[in-house]
A.B. asks: 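Here it is, the structure in full.
We count ligands from 1, going down the list as the structure has it; atoms in each ligand are counted the same way.
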Amino acid sequence: MWRVARSAASTFRRTRRLSTAISAPCIVHKRGADILHDPWFNKDTGFPMTERDRLGLRGLLPPRVISFEQQYDRFMESFRSLEKNTEGQPDSVVSLAKWRILNRLHDRNETLYYRVLIDNIKDFAPIIYTPTVGLVCQNYSGLFRRPRGMYFSAKDKGEMMSMIFNWPSTQVDMIVLTDGSRILGLGDLGVQGIGIPIGKLDMYVAAAGINPQRVLPVMLDVGTNNQKLLEDPLYLGLRQPRLEGEEYLSIVDEFVEAVHARWPKAVVQFEDFQAKWAFETLDRYRKKFCMFNDDIQGTAGVALAGLLGTVRAQGRPLTDFANQKIVVVGAGSAGLGVLKMALQAVSRMTGPSADPHFFLLDKNGLITKDRKDIDPAALPFAKAHHEIEGLGLQEGAGLAEVVKKVKPHVLLGLSGVGGIFHEEVLRAMKESDSVRPAIFAMSNPTNNAECCPVDAFKLAGEDIVFASGSPFANVDLGNGKIGHVNQANNMYLFPGIGLGALLSGARNISDTMLEAAAECLASYMSDDEINRGILYPSIDDIRDITAEVGAAVLRAAVAEDLAEGHGDVGVRELQHMSKEETIEHVRQNMWYPVYGPLVHE
Ligand SMILES: NC(=O)c1ccc[n+]([C@@H]2O[C@H](COP(=O)([O-])OP(=O)(O)OC[C@H]3O[C@@H](n4cnc5c(N)ncnc54)[C@H](O)[C@@H]3O)[C@@H](O)[C@H]2O)c1
Ligand SMILES: O=C(O)C[C@H](O)C(=O)O
Ligand SMILES: [Mg+2]
C-alpha cells in the first residue's frame with residue numbers, strides 16, 4: 001500500500017474554505033464509469049462509500065477511500081519528484097514536462113487540479129499561463145490529446161447558431177476568444193493559439209473563482225498566414241490563408257451573435273488578435289455586448305497602475321504623473337491601449353488641454369506627424385515638429401537616440417521584440433531625469449522581453465524600478481540589496497474586470513469601469529512596498545486583489561447605470577451595498593474547489 005507523508009511542505013489550505021464553497025450538493029446526470037471519466041465530477045479514489053453506492057461506482061475503484069488532502073499531497077509529491085528528475089535538462093523540456101503533468105490532472109479531476117493551482121499559484125502560473133503557455137501553443141498540434149473549448153472555423157459559416165448548442169454546459173459566464181493571429185510575441189500561430197484562452201480561463205478560475213463548468217475557451221479559426229504551419233502535416237487548423245475584410249468580420253459577427261443567443265449575459269474577452277482586428281472588433285461590439293479586449297484594455301490598466309506606482313516611488317504626488325516623460329516602444333494594440341488610458345489619466349489631472357510628454361516608437365522609429373500613412377490610432381501620440389526640434393529629434397529616430405535625448409522617466413516596451421533594450425539604451429536610462437527611472441519590459445514570453453532584469457539593474461543603475469510581462473527572479477544586487485522584479489501582466493486585472501462585469505450584470509464594459517479597476521490596483525500597494533520598488537501585489541494574493549478589483553468594477557457599473565444584476569441579486573440590492581459589503585459579496589460568489597456531495601438525477 002502506498003503512503004503519503006503529510007509533509008511539512010504541504011501547501012493544502014484547510015482554512016481557505018469560503019462559506020459559499022461549503023458544498024451544496026451537485027446534481028449529476030450520469031452514473032458509474034461515465035462519472036469517473038468526467039473531470040467535472042470525478043473524485044478518483046476520493047469518492048466516499050455512500051456515494052459509490054449511490055452512483056453505481058462500487059467495484060469500479062480500489063476499495064480504500066483516499067481523502068482530498070492525501071490526493072493533493074500525492075500530486076504535489078509527484079510534481080516535486082518530476083522537478084528533481086528533470087533538473088539540468090533544457091528549460092523547454094522541463095517546462096513542457098510540468099505542463100503535461102498538470103494538464104493530465106486537469107483532464108482527469110478538475111476539483112483537484114484547481115485546488116493545487118490556487119494553493120500553488122506562484123509556482124504553477126508560469127506553467128499554465130505565461131511563459132510556458134507560449135511554448136505549448138507553438139507545439140500544440142503535436143501535444144494535442146483531448147479537445148478543450150470550442151473551435152469555430154471559416155468552414156462553419158452559417159452553422160454557428162446550432163454549433164453553440166453542442167457545448168455541454170447549460171450555463172456559460174466567461175468566454176475567452178482568440179483568432180490566433182498574435183499569440184504573445186510569437187506571431188500568428190493559427191489554431192494552435194487555443195492554448196491562450198485556456199490559460200486565461202484557468203486564471204479566471206484560480207483568481208476570480210469563476211466556476212470551471214461555466215467557462216468556455218474559443219478558437220475562431222479563419223486560417224493562418226504562418227507558412228511553416230500551413231506546410232506542417234500535423235497542423236490541426238484550416239490550411240488556408242487568413243480571411244480578411246468583410247469575410248473575416250462576418251465570421252466574428254456570426255460567432256458573437258450565436259454566443260449571445262444562447263448565453264446573453266456571458267462576458268466575452270477578446271485575446272491576442274492582431275492590432276487591426278483588436279481595435280476594429282472592440283469598436284464594433286463594445287457598446288452592444290458585455291465584452292472587452294484584454295490586450296488593449298486590461299494591459300492599459302495594469303501599466304497605468306504601475307506608472308502611478310512609479311510616481312509614488314519617486315516620492316512625488318500622483319499629479320506629477322502629468323509631467324512624466326514616457327517613451328513607449330511598440331505602437332500596437334497594447335502600446336496604444338496604454339497610451340490612451342495614460343492620456344485619459346493626465347486629462348483627469350490637468351484638464352482637457354492636457355499636454356503629456358509621451359514619445360511613441362514602432363518598428364520604423366519615433367512616430368511624428370510627418371509619418372506617411374500613419375495609423376489613425378497612433379495619430380494622437382505622434383509628435384509635432386515643434387515638440388521635438390529642440391531635442392534634435394526627427395521622424396523615425398531610433399530608440400537609443402530618443403532615450404539619450406529625451407532622458408525619460410519611464411521606458412516601456414510592448415514591441416514583442418526580445419532584447420531591444422540593449423546595452424546602449426539601458427546605459428542611456430542611467431542619465432534619465434528621474435531619480436528613480438522605471439523600465440517596463442512588458443513583452444511576452446520570456447525571450448521576447450525587451451531586456452532582462454539583471455541587465456537592467458546592472459546597466460541602468462540599482463535605483464531603477466523594474467517590471468516585466470513574464471516572470472523573472474529578483475536580482476541580487478550584493479550588499480544584501482535586492483532589485484525587485486515586478487510582473488506587469490494583465491493577469492492582475494482581467495479576472496477582476498470579468499468578474500465585476502459578470503456580477504453586476506453590466507450591459508457593457510465602460511471606460512469608467514476599466515479606470516476603476518486600474519485605480520483599485522494602483523491603490524492596493526502600501527507606501528512601504530512602493531518605496532521598495534514593489535508596484536504590484538504578490539501573485540499569491542491574486543484572489544484577494546481580484547475580489548477588490550471585481551468589487552470596484554461592479555460599483556462603477558452600478559454608479560454608471562450599466563448594471564442589471566446577476567442571479568438572485570438585483571440592481572437595487574447592489575446599489576445599497578457599501579464598498580466593504582460589495583467586496584464581501586464578490587468574495588462570496590467566488591467558486592472554491594472542494595469535493596461536494598454528488599446527487600444523481
Ligand atoms: N505584459 C502584458 O500584460 C502584455 C499585454 C499585452 C501584450 N503584451 C506583449 O506586448 C507585445 C506586443 O503586443 P501587441 O498586441 O501590441 O502587438 P502588435 O503586433 O499589435 O504591436 C507590436 C508593435 O511593436 C512594434 N515593433 C515591432 N518591432 C519593433 C522594433 N524593432 N522597434 C520598435 N517597435 C517595434 C510594431 O511596429 C508594432 O507597433 C507582445 O509581446 C505581447 O506579448 C504584454
Ligand atoms: O498573456 C499574457 O501573459 C499577457 C498578454 O495578454 C499578452 O498577450 O502577452
Ligand atoms: Mg494577450
A.B. asks: Do Ser468 and Met442 come close enough that some side-chain heavy atom pair is under 4.5 Å?
C.D. replies: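 No, too far: nothing below the 4.5 Å cut-off.
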A.B. asks: Considering only the protein, which heavy-atom contact is closest to atom 3 (O) of ligand 2, and what is its distance?
C.D. replies: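 Looking at atom 3 (O) of ligand 2, the protein heavy atom closest to it is Thr130 OG1, 2.3 Å.
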A.B. asks: Among protein heavy atoms, which lies nearest atom 44 (C) of ligand 1, and at what distance?
C.D. replies: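 Protein heavy atom with the smallest distance to atom 44 (C) of ligand 1: Met442 O, 3.1 Å.
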A.B. asks: Classify the side-chain pair Asp544/Tyr524 by whether it contains a donor and acceptor separated by less than 3.5 Å.
C.D. replies: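 Yes.
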A.B. asks: What atoms of ligand 1 come within less than 4.0 Å of a heavy atom belonging to Ala275?
C.D. replies: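 Close to Ala275: 20 (O).
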A.B. asks: Give a yes-or-no answer on whether the side chains of Tyr248 and Asp179 include a donor-acceptor pair shorter than 3.5 Å.
C.D. replies: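 Yes, a side-chain donor-acceptor pair sits under 3.5 Å.
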A.B. asks: Suppose I only count heavy atoms of Gly185 and a 4.0 Å limit; which atoms of ligand 1 are within that range?
C.D. replies: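 It comes down to these atoms of ligand 1: 40 (C), 41 (O), 43 (O).
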A.B. asks: Please could you name the atoms of ligand 1 that Asp295 approaches to less than 4.0 Å, counting only its heavy atoms?
C.D. replies: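 Per the distance check, 6 (C).
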A.B. asks: Any ion pair linking Glu423 and Arg427 (charged N to carboxylate O, less than 4.0 Å)?
C.D. replies: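 Salt bridge present between Arg427 and Glu423.
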A.B. asks: Determine whether the aromatic ring centres of Phe494 and Tyr204 lie less than 6.0 Å apart.
C.D. replies: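 Centroid separation for Phe494 and Tyr204: below 6.0 Å.
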A.B. asks: For ligand 2, which atoms sit closer than 4.0 Å to a heavy atom of Asn489?
C.D. replies: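 Atoms satisfying the 4.0 Å criterion: 2 (C), 3 (O), 4 (C).
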A.B. asks: Quick one: look up the protein heavy atom nearest atom 3 (O) of ligand 1 and list residue, atom name and how far away it is.
C.D. replies: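 Here the closest protein heavy atom is Asn490 N, 2.9 Å.
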A.B. asks: Identify, for atom 22 (C) of ligand 1, the protein heavy atom at the shortest distance, and state residue, atom and that distance.
C.D. replies: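 Looking at atom 22 (C) of ligand 1, the protein heavy atom closest to it is Ser415 O, 3.9 Å.
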A.B. asks: Should Lys407 and Asp433 count as an ion pair when the cut-off is N to O under 4.0 Å?
C.D. replies: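 No, Lys407 and Asp433 are not salt-bridged.
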A.B. asks: Considering all heavy atoms of both residues, which atom of Val465 and which atom of Gly533 are nearest to each other, and what is their separation?
C.D. replies: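 In terms of heavy atoms, the two residues are closest at CG1-O, 4.3 Å.
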A.B. asks: Among the N/O/S atoms of Asp272, select the one at the shortest distance from the Mg ion (ligand 3) and name it.
C.D. replies: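 Asp272's closest N, O or S atom to the Mg ion (ligand 3) is named OD1.
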A.B. asks: With a 4.0 Å cut-off on N to O distance, would you call Asp188 and Arg182 a salt bridge?
C.D. replies: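 Answer for the salt bridge query: no.
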A.B. asks: Nearest to atom 33 (C) of ligand 1 by heavy atom, Asp362, Leu360, Asn489, Asp375: which?
C.D. replies: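 Comparing heavy atoms across Asp362, Leu360, Asn489, Asp375, the nearest one to atom 33 (C) of ligand 1 lies in Asp362.
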A.B. asks: Closest non-hydrogen protein atom to atom 10 (O) of ligand 1, residue and atom name please, with distance?
C.D. replies: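 For atom 10 (O) of ligand 1, the nearest protein heavy atom comes out as Leu414 CD2, 3.4 Å.
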A.B. asks: Quick check on contacts: which atoms of ligand 2 are under 4.0 angstrom from a heavy atom of Asp272?
C.D. replies: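 The atoms of ligand 2 under 4.0 Å from a heavy atom of Asp272 are 8 (O).
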A.B. asks: Any ion pair linking Glu110 and Arg148 (charged N to carboxylate O, less than 4.0 Å)?
C.D. replies: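 Yes, charged N to carboxylate O under 4.0 Å.
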A.B. asks: Do Asn448 side-chain atoms and Gly185 backbone N/O form a donor-acceptor pair below 3.5 Å?
C.D. replies: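 Present.
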A.B. asks: Can you pull out the closest protein heavy atom to atom 15 (O) of ligand 1? Residue, atom name and distance to 0.1 Å, please.
C.D. replies: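 Heavy-atom neighbour on the protein nearest atom 15 (O) of ligand 1: Ser333 OG, 2.5 Å.
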A.B. asks: Mind listing the closest non-hydrogen atom pair of Ala438 and Thr310 along with its distance?
C.D. replies: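 It is CB-CG2, 3.5 Å.
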A.B. asks: Taking only Lys NZ, Arg NE, NH1 and NH2, and the carboxylate oxygens of Asp or Glu, determine whether Arg100 and Asp107 approach each other closer than 4.0 Å.
C.D. replies: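 Between Asp107 and Arg100 there is no salt bridge, as every charged N stays at least 4.0 Å from the carboxylate O atoms.
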A.B. asks: Within ligand 2, which atoms have a heavy atom of Asp295 less than 4.0 Å away?
C.D. replies: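 Those qualifying, in numeric order: 5 (C), 6 (O), 7 (C), 8 (O).
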A.B. asks: Among protein heavy atoms, which sits nearest to atom 9 (O) of ligand 2, and what does the distance come to when rounded to 0.1 Å?
C.D. replies: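 For atom 9 (O) of ligand 2, the nearest protein heavy atom is Asn444 ND2, 2.8 Å.
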A.B. asks: Taking the N/O/S atoms of Asp295 one by one, which is nearest to the Mg ion (ligand 3)?
C.D. replies: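 When I compare the N, O and S atoms of Asp295, OD1 is nearest to the Mg ion (ligand 3).
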A.B. asks: Assess, by modelled atom type and distance only, whether the side chains of Gln314 and Gln324 contain a donor and an acceptor separated by less than 3.5 Å.
C.D. replies: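 The criterion, which ignores hydrogens and geometry beyond distance, is satisfied for Gln324 and Gln314.
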A.B. asks: Just need the protein heavy atom nearest to atom 1 (O) of ligand 2, so name the residue and atom and give the distance.
C.D. replies: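 Result: Lys200 NZ, 3.1 Å.
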A.B. asks: Minimum distance, heavy atoms only, to atom 11 (C) of ligand 1: which one of Gly398, Ser443, Gly419, Gly134 is it?
C.D. replies: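 Answer by nearest heavy atom: Ser443.
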A.B. asks: Which atoms form the tightest heavy-atom contact between Ala518 and Leu304, and what is the distance?
C.D. replies: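 Closest approach of Ala518 to Leu304: CB-CD2, 4.4 Å.
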A.B. asks: Only heavy atoms count here, so choose which of Gly332, Gly413, Ser470 is nearest to atom 18 (P) of ligand 1.
C.D. replies: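 That would be Gly332.
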A.B. asks: Which ligand 2 atoms does Arg182 reach within 4.0 Å, using its non-hydrogen atoms?
C.D. replies: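 Answer for ligand 2: 8 (O).
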A.B. asks: Show which atoms of ligand 1 fall inside a sub-4.0 Å distance from at least one heavy-atom site of Ala334.
C.D. replies: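 The list of qualifying atoms is 6 (C), 7 (C), 14 (P), 15 (O), 16 (O).
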A.B. asks: Please work out, at 4.0 Å between heavy atoms, whether the side chain, the backbone, both, or neither of Thr299 comes within that distance of ligand 1.
C.D. replies: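 Side chain only; the backbone of Thr299 stays clear of ligand 1.
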A.B. asks: Check this for me, if you would: do Arg284 and Asp253 make a salt bridge, where the nitrogen-to-carboxylate-oxygen distance has to be below 4.0 angstrom?
C.D. replies: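 Answer for the salt bridge query: yes.
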A.B. asks: Are any of the side-chain nitrogens in Glu244 or Lys276 under 4.0 Å away from the carboxylate oxygens of its partner?
C.D. replies: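 Yes.
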A.B. asks: Run the contact test for Val302 against ligand 1 with a 4.0 Å cut-off on heavy atoms, strictly below, and give the result.
C.D. replies: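 So Val302 does not count as touching ligand 1.
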A.B. asks: Between ligand 1 and Asn448, can you find any atom pair, the residue atom being a heavy atom, that is separated by under 4.0 Å?
C.D. replies: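 In this structure, Asn448 fails to qualify as a contact of ligand 1 - no heavy atom is under 4.0 Å.
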A.B. asks: Where is the nearest protein heavy atom to atom 36 (C) of ligand 1: which residue, which atom, and how far?
C.D. replies: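 Nearest protein contact, heavy atoms only, for atom 36 (C) of ligand 1 is Lys363 N, 4.1 Å.
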A.B. asks: Enumerate the atoms of ligand 1 whose separation from the nearest heavy atom of Ile420 is less than 4.0 angstrom.
C.D. replies: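 Matching atoms, with element in brackets: 30 (C), 31 (N), 32 (N), 33 (C).
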A.B. asks: May I ask you to decide whether Lys98 forms a salt bridge with Glu83, counting only side-chain N to carboxylate O separations under 4.0 Å?
C.D. replies: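 Answer for the salt bridge query: yes.
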A.B. asks: What protein heavy atom sits nearest atom 5 (C) of ligand 2, and how far off is it?
C.D. replies: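 That would be Asn490 ND2, 3.4 Å.
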A.B. asks: Is it the case that the side chain of Glu450 and the backbone of Gly418 share a donor-acceptor pair, with hydrogens and angles ignored and the cut-off at 3.5 Å?
C.D. replies: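 No; judged by distance alone, with no hydrogens or angles, the pair does not exist.
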A.B. asks: Do me a favour and list the nearest non-hydrogen protein atom to atom 17 (O) of ligand 1 with residue, atom name and distance?
C.D. replies: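 Atom 17 (O) of ligand 1 sits closest to the protein heavy atom Arg182 NE, 3.6 Å.
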A.B. asks: Heavy atoms only, cut-off 4.0 Å: how does Ala488 contact ligand 1, side chain, backbone, both, or neither?
C.D. replies: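 Backbone only.
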A.B. asks: Run the numbers for me: atoms of ligand 1, each under 4.0 Å from some heavy atom of Gly469, listed by number.
C.D. replies: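 Near Gly469, meaning under 4.0 Å from one of its heavy atoms, ligand 1 has 1 (N).
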A.B. asks: Can you list the ligand 1 atoms lying under 4.0 Å from a non-hydrogen atom of Ala331?
C.D. replies: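 Near Ala331, the atoms of ligand 1 are 23 (C), 38 (C), 39 (O).
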A.B. asks: Below 2.8 Å, can you find an N, O or S atom of Glu271 next to the Mg ion (ligand 3)?
C.D. replies: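 Coordinating: yes.
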A.B. asks: Which protein heavy atom lies closest to atom 28 (N) of ligand 1, and at what distance to 0.1 Å?
C.D. replies: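 Of the protein heavy atoms, Val417 CG2, 3.3 Å lies nearest.
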A.B. asks: Could Glu395 and Lys369 be called an ion pair, given the rule that one side-chain N must be under 4.0 Å from one carboxylate O?
C.D. replies: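 Salt bridge flag = no for Lys369 with Glu395.
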